[in-house]
Amino acid sequence: MALFGFEKKKEEKHACACNGSCEVFAAEKPVESKRTGLTSIKVLGSGCKSCHALLVSTNEALKEMSIPFEAEYVTDISKIASYGVMSTPALVVNEKVVSMGKVYSAAEVEKLLHKLGY
């Protein structure tokens, strides 16, 4: 508020105790495939044989598509539940669940990714 023609100066708050004298680094961004726009692929599972099979076939498909990262394997039950997944294995692409309860081959994963526009 500009009362009597004076404006209060806004002070910058710093996250650390150095009051702004330290060097600031930009946060790392997730790896993104420039060609496809994929930022993350996760396989959610309990650690069973079917979940491992989906992880292997997903990584094969990513390698075949020349995508520069591998699928993340999530076994934490609370994280799996946060996605709303009720049956595993599940496939999550860019934080959206695209498959639950089915083990795909590498060719089927690649076909699914192409169908999703990646």
Side-chain angles (χ1 to χ4, degrees):
M1 181 171 160
L3 191 65
F4 303 111
F6 297 105
E7 288 189 33
K8 187 176 180 180
K9 292 183 180 180
K10 293 182 182 180
E11 294 181 21
E12 289 185 26
K13 301 268 184 180
H14 297 281
C16 61
C18 72
N19 291 324
S21 63
C22 66
E23 190 174 350
V24 179
F25 297 98
E28 287 186 29
K29 294 181 181 178
V31 176
E32 182 177 339
S33 175
K34 293 178 183 178
R35 193 186 96 210
T36 61
L38 285 175
T39 56
S40 70
I41 295 182
K42 298 176 184 177
V43 174
L44 311 178
S46 59
C48 66
K49 187 172 133 179
S50 298
C51 300
H52 282 288
L54 181 60
L55 178 66
V56 169
S57 61
T58 301
N59 284 330
E60 286 176 12
L62 293 174
K63 194 174 193 179
E64 188 69 30
M65 294 172 69
S66 300
I67 295 177
F69 56 88
E70 292 186 351
E72 181 183 347
Y73 189 43
V74 179
T75 57
D76 184 16
I77 298 299
S78 61
K79 287 183 182 178
I80 294 171
S82 71
Y83 284 99
V85 171
M86 300 305 280
S87 62
T88 59
L91 187 62
V92 178
V93 178
N94 288 350
E95 299 302 316
K96 293 182 183 178
V97 179
V98 296
S99 169
M100 282 189 277
K102 184 167 181 184
V103 179
Y104 289 107
S105 67
E108 290 172 325
V109 170
E110 190 173 347
K111 185 177 178 181
L112 178 65
L113 291 174
H114 286 303
K115 186 176 182 181
L116 293 170
Y118 303 111

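It should be emphasised that the depicted structure is a prediction, and the values quoted were computed from it without experimental measurement. We use all heavy atoms of the structure for the numbers below, so side chains are in, but hydrogens, waters and symmetry mates are not.
- We find the CD1-OG1 distance between Ile77 and Thr88 to be 7.5 Å, quoted to the nearest 0.5 Å.
- Under a hydrophobic clustering in which Ile, Leu, Val, Met, Phe, Trp and Tyr are joined whenever their side-chain heavy atoms come within less than 4.5 Å, directly or via other members, Val92 and Ile80 fall into the same cluster.
- Summarising the geometry of Glu108 relative to Ser105, their closest heavy-atom pair is OE1-N, 2.8 Å, with the distance given to 0.1 Å.
- Between the CD1 atom of Ile67 and the OH atom of Tyr118 there is a distance of 10.5 Å, given to the nearest 0.5 Å.
- By the rule that hydrophobic residues join a cluster once side-chain heavy atoms approach within less than 4.5 Å of another member, Phe69 and Leu116 end up as members of one cluster.
- Summarising the local packing, CD of Glu70 is surrounded by 12 or fewer heavy atoms from other residues, nucleotides or ligands at distances under 6.0 Å.
- Taking every heavy atom of both residues into account, Glu95 and Tyr83 meet most closely at OE1-OH, 2.7 Å.
- Tested against Leu44 for a side-chain contact (heavy atoms from CB on, under 4.5 Å), the candidates Leu55, Val74, Leu54 yield a single pass: Val74.
- Of all the heavy atoms in Ser46 and Cys51, the pair that sits closest is N-SG, 3.6 Å.
- In summary, of the residues considered (Asn59, Val109, Leu113, Val98), a side-chain contact (heavy atoms from CB on, under 4.5 Å) with Ile41 occurs for Leu113 alone.
- Looking at every heavy atom in both residues, Ala61 comes nearest to Ala106 through CB-O, 3.4 Å.
- A pairwise comparison of heavy atoms in Ala71 and Val43 identifies CB-CG2, 4.4 Å as the closest pair.
- In this structure a side-chain-to-backbone donor-acceptor pair under 3.5 Å is present from Ser57 to Tyr104.
- Contacts of Tyr73 classified as ring-ring contact (aromatic ring centres under 6.0 Å, His included), with partners at least two apart in sequence or in another chain: His52.
- Closest heavy-atom contact between Met86 and Met100: N-SD, 3.8 Å.
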